[in-house]
Amino acid sequence: MSNKPASKPDGWGQRLPELPDGGAGAPLQKDLLNGVSRRHFMQATGFAFIGTMMLGCTAVSEEEALPYLEQPEGVIAGRSDLYATTCGGCSAGCGMLARSRDGRPVKLEGNPDHPLSHGGLCAVGQASLLGLYDSHRLRAPVMDGKASDWASVDVALGDRLRQLRSASGRVAWLGAPITSPNKRARVEEFLATFDNGRLVEASANSQMPIAEAHGLTHGVATVPRYHFDRAQVIVSVDADFLGTWISPVEFTAAWSSRRRGDALENGFSEHVQFESRMSVTGTKADLRLRIAPGERAAVLNQLVRHLSQHAHRSLRQIQDRPLTSVDDAQIAAIAARLWEHRDQALVVCGADDLAAQTLCNAANELLGAYGKCLDLAQPAHHAGSSETELSLLLDEIAAGRIDALFVDGLNPVLDLPAGAALAQRLDAMQLVVSFSPYEDETSAHADFICPDHHYLESWSDNDNITGLMSYTQPIVAPMGATRQLEESLSMWTTGAVVPVRDQVLASSGGDVRRFDKLLHDGFEMRDVRQNAGNFRPDGVHAASDPDASGLQLVLYSKVAIPSSAHAFNPWLHELPDPVTKSVWDNYASLSPATAERLSLQDGDVVRVALGQDAAVEVPVLIQPGQHDSAVAVALGYGSVLSRRFEGVGPGWIERKPTVGSDGLVGASATAVLAFEGGRRKFAGRSVTVEATGARRELARTQDYHSLDVPPHLAPEGGERRPNVQETTVAALMDPHFGEHAIEHHDGGNMWPVDHPYEGHHWGMVIDLTLCTGCSACVTSCQVENNVPVVGKDEVRRNREMHWLRIDRYFVDRDPATAGGDRSNGTGNGDVDVSHQPMMCHHCDNAPCETVCPVLATVHSDEGLNQQVYNRCVGTRYCMNNCPYKVRRFNWFEYAHEDEHENLAMNPDVTIRSRGIMEKCSFCAQRIQEAKIVARQQRRPVADGDIRMACQQSCAAQAISFGDMNDPESAVARARDSRRHFQVLAEIGVQPSVGYTSLVRNRPTDHEGPQHG
Amino acid sequence: MNRHVLTSVLAVAFLFSVIVLASQEDGAHILWNRKGYTPEQPIAYSHRLHAGELQIDCQYCHFGADKSRHAGIPPASVCMNCHRFVQATLGAIRAEDELAKAEERDPVPVMSAEIQKVYTALALDGKAERDPDLDQSPIRWTKIHRVPDYVYFDHRPHVSVGLACQRCHGAIETMERVRQVEDLSMGWCVNCHRDVNATGVAGQEVDASIDCVACHY
């Protein structure tokens, strides 16, 4: 028997019979603190804690209900109405439906009837909602740096204008291209009141060269309308038509209509891309050839040479000797394909180089594409004036020969070359008036800031394409005391404000009933055609020898940030770039070989310099598939509009700032944008790249990039991960395609009694052939579901909150010749890229549901994996168990109060607080709404009644959603496709989301020249 | 600190909690359980008179019930549909008439105090016309039937299946002042869903979902 301890055990004393001395050793002291034992302390603390908690059981504060005094007819609290308008996110002018709730827009969608967008709406359009609810927007006019009111501004400005008119002052209007006939009329009327008034329309990224080239080759200086849906063979030389070029939503919709893998009988287009940097369009090309930035005209020269031989027409400007490093045989083959389908062939060029553009026109002319795949008779109106006019105006301003400048829709001090010098000239100028909604780099130098309405508060007509007139109507009354530009102009022209609705009504013909119908529809087709000109061979400019030496700069716009005007938008900043998956930064992209040669790694800050003084410092990002001589930097960054992001993200002890040392997001690359020969040169200038020794870690949402397992790790037969299945048109033509697909014995439904799925069973299929990675779906989901923005540091910690992410994979086209170390999976050669949207798969045997200790995630009778926010305690076991890693945890209170931004929230979705797990819910609020409406109408839910936010926004219509139990539904038919597969099917979770494999139009055995 | 001090501190804290709980305006209750809640409203509107005696249909005023998630409290313009003509009880008007006859003068318009509140909110004069010197102000009703923000209750499926309003809101037509009759707890909702799935509503089969996502999203 062991010794008992000397003192009486009070629960803390221990007797351990198995120990020789009973564990007594030294007698245990009663562990007392001032006479209170540990046990008593714990009891007391616990009781006090519970007692204090009970204080929380106080009255729920009273809530008042304030109904209307006089409710407008048709307005029902809690019901959303759709209004047609036109998107103002960029100049493309896609038709849009705004969902209005309780008198304000909460979500924007594409207008399915609109001939340009066919219902799609890009990420920029989706995110533009936030511009309306921006607390930093100017709410009143500013006069001499102080807030003022319109009456005072009109008086003071009126005086200045009278002085100018009497002194024949030289007045210039420098603004974004005007696509509204009403606005153009007001601007021209206003400028006509001055003896010396001129209008120059320019944008930060220029489409002017296309128009100017058509002026030279066809006598009409316009941007044609491109019909990608009519093209069987598309050759693009540096035109990112699926990403950022001219009208990406329209082009994606059109391009995707010829890429339906389950409708091969309708044809499947061939798409060849020549480019120096990896663009979204390049990721979708069947054949992608890398060229140096300066080689674009040279490539087109080759192409036109071969096409002229086919056409038996010669052009004296074409050079016989090959100017480009691209294999001539390959270009000959491409020319042959174009010629074979010359009724349905299209060559497009995105270069800023006039020679390249005129050669492109020549190519299309030889193919007979004018009038078929591109149309000068119904052209687009985005281009603006010419580069020459812009540079002339800037010269005049620099020489002090402009007395008054009106700036609208453009930020010249930031967006144009030599901005700092321009700012000084503005200070010296007699009168500078800005219509900017913000205090930006240019309006800071303005005498008067007369902020324009946001487009969601505006009336307008839009003539983006001849033959199509779209209308803009306000979805909400003006939120501040801004005034629409057209009204300001009418005041300063006629002395009285003409309400802009009356202006647009008059512009539309004056018939109110017809106007109502136009507003309801959102647009009108008109049978209007313009002069399409005639081809003039003399207009073609010869390609010059490309400068093949050294590094050449490529300045481009990201998909998320088309211009600095969007730099205020946190949704766009946090949207992972489709190609690089980087957020909150711009960078210099270098090819793997170039980075190796310069001994640079991801995140090394380099100085990209054009000569001595013009330089920009940005971190390096290594980009597979980029040409070795290209250095690509995105424009639109380094704007003062991003100063507000100093505090974005949770303010905890380890946080690192989202903004740079200058307090801005990214660096402005216009420092290295210059005029050359009177034109802005966005690509092809020689630059030097030097390491500065500093580092800036990039925040990327994806750090694994390859579908190929590194060679030293890959098991036999498992060299490529099967997440993304790829195939070719040729393989699909085989009637036996898909028959030998691996059968997965996954055990079937684990819950046959609980979940028999007798009613609806919701599922989704995403077509990887059509997905371009544009990320409109990601932003649409974020807006619809109140997904928070977390800031750069949190993204670096893999804590971005997007419910839907797009995984982007690189695969070496030809591993044998790829070179490089391939340790990250890709070498230095050409790469194939695939995009795979990934969201909660709503697995029927969900591994997350079985591990939740509080049953906050359970399965619904209709197949949804439900996340009940109010029940979640934040164990995060579900996140651990998810094989797709699609669950997002609120590590901090990411939501923040902002009087105006609060209004952008969707009232139908809970806003989650800290400690709550969230994930794709299959837009449960939309499913519920459709079911309730169907029930009220005593009918079953029809296929197409429920559209996911992601599905609705997709310009390519890559997402199908519906009832898997309905054999006629689009999703059931997609699941029956031979191309259908599921990711990680072998683990037996039975996901409700499937994919149809990526089809490329290339020879199955990858024959043909591999390099470019 | 000795045990006596500790005990007395705890006792005081406990008593404090009890007092705070008990002194709640609307009676001691667990969070969100507001059964019996009968707050005073800015206008002493009587459902007993309008819905009970006059038998005005619930959805004449609460017209949102079959169109949206919220049944809604009617805008003042709905009240004015009748009350531009009905400004006082018949008895009050007759009394004034008789008094006027007795005093040999014209009768003055009689306006009940409660109806006057509607006119004031709408800034109307006695003849139901807008008085430009007065400002309009909304009527600030106190919301009685509330569920937490994470509950997305929708009236439409309940109304369209034929449930009487009284099923959840009690005998409103007997209430001078509206009170919450049921506790509107999740258990109460789910039990009813389960019951009607078995028994149906008004002779019709129903499929009332008990999926979490039916109400929590």
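Chain identifiers are assigned alphabetically (A, B, ...) following the order of the sequence lines, protein sequences preceding nucleic acid strands; residue numbering begins at 1 within each chain.
Highest contact tally toward chain B, considering only A/G78, A/S80, A/A65, A/G759, is held by A/A65 [criterion: heavy-atom pairs under 4.5 Å]. In terms of heavy-atom pairs under 4.5 Å with chain B, the best-connected choice from A/L66, A/I911, A/N870 is A/N870. Here B/C212 is the residue among B/G64, B/C212, B/P157 with the most heavy-atom pairs under 4.5 Å with chain A. Across A/V868, A/D908, A/V933, the residue that shares the most heavy-atom pairs under 4.5 angstrom with chain B is A/D908.
Heavy atoms from other residues, nucleotides or ligands lying under 6.0 Å from CH2 of A/W751 number 12 at most. The environment of CG in A/D754 is crowded: more than 12 heavy-atom neighbours from other residues, nucleotides or ligands sit within 6.0 Å. Environment of CZ in A/R947: crowded, with over 12 heavy atoms of neighbouring residues, nucleotides or ligands closer than 6.0 Å. A/Q937 CD: more than 12 foreign heavy atoms inside a 6.0 Å radius. A 6.0 Å sphere centred on CZ of A/R914 holds no more than 12 heavy atoms belonging to other residues, nucleotides or ligands. By the neighbour-count criterion of 12 heavy atoms within 6.0 Å, atom CE of B/M111 is densely surrounded, having more than that number from other residues, nucleotides or ligands.
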Would you sort out whether B/R146 and A/E63 count as a side-chain contact (heavy atoms from CB on, under 4.5 Å), showing the intermediate values? CA-CA 9 Å; B/R146 291 178 64 197; A/E63 186 176 316; 2.8 Å; yes
Could you go step by step and tell me if B/R156 and A/E929 meet the salt bridge (charged side-chain N to carboxylate O under 4.0 Å, His left out) rule? CA-CA 10 Å; B/R156 287 173 294 173; A/E929 179 67 26; 2.8 Å; yes
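Heavy atoms closer than 4.5 Å to chain A are found in the backbone of B/P74, but not in its side chain. Neither the backbone nor the side chain of B/A71 comes within contact range of chain A, judged by heavy atoms closer than 4.5 Å. For chain A, no part of B/S209 is nearby; none of its heavy atoms comes within less than 4.5 Å. Heavy-atom distances place the side chain of A/V858, and not its backbone, under 4.5 Å from chain B. Neither the backbone nor the side chain of A/S921 comes within less than 4.5 Å of any heavy atom of chain B. With a 4.5 Å cut-off on non-hydrogen atoms, A/N785 does not touch chain B at all. Contacts between B/L10 and chain A at a heavy-atom distance below 4.5 Å involve the side chain alone, from C-beta outward. For A/Y68, the parts lying near chain B are the backbone and the side chain together; criterion is any non-hydrogen pair under 4.5 Å. Of the two parts of A/L864, only the side chain, counted from C-beta on, holds a non-hydrogen atom closer than 4.5 Å to a non-hydrogen atom of chain B.
One finds the OH atom of B/Y150 at 11.0 Å from the CZ atom of A/R871 (value rounded to the nearest 0.5 Å). Here the CD atom belonging to A/Q928 is positioned 8.5 Å from the CG atom belonging to B/D154, to the nearest 0.5 angstrom. Here the CG atom belonging to A/D102 is positioned 7.0 Å from the NE2 atom belonging to B/H70, to the nearest 0.5 angstrom. Between the CZ atom of A/R101 and the OG atom of B/S68 there is a distance of 7.0 Å, given to the nearest 0.5 Å. From B/R69, atom CZ reaches atom CD1 of A/I76 across 14.5 Å, with rounding to the nearest 0.5 Å. Annotation: the span from A/T910 atom OG1 to B/Y217 atom OH amounts to 9.0 Å, rounded to 0.5 Å.
Between A/P67 and B/P138, the shortest heavy-atom contact is O-CB, 4.2 Å. Of all the heavy atoms in B/D211 and A/E862, the pair that sits closest is OD2-N, 4.2 Å.
The closest side-chain heavy-atom distance from A/E70 to B/Q136 is below 4.5 Å. Using a 4.5 Å cut-off on side-chain heavy atoms (C-beta onward), A/R938 and B/S160 make contact.
Side chain of A/Q936 to backbone of B/D66: a donor-acceptor contact under 3.5 angstrom is found. Side-chain N or O atoms of B/Y152 include none that pairs as donor or acceptor with a backbone N or O of A/Q925 at under 3.5 Å.
Electrostatic pairing of B/K143 and A/E64 does not count as a salt bridge here, judged by no charged N lying under 4.0 Å from a carboxylate O.
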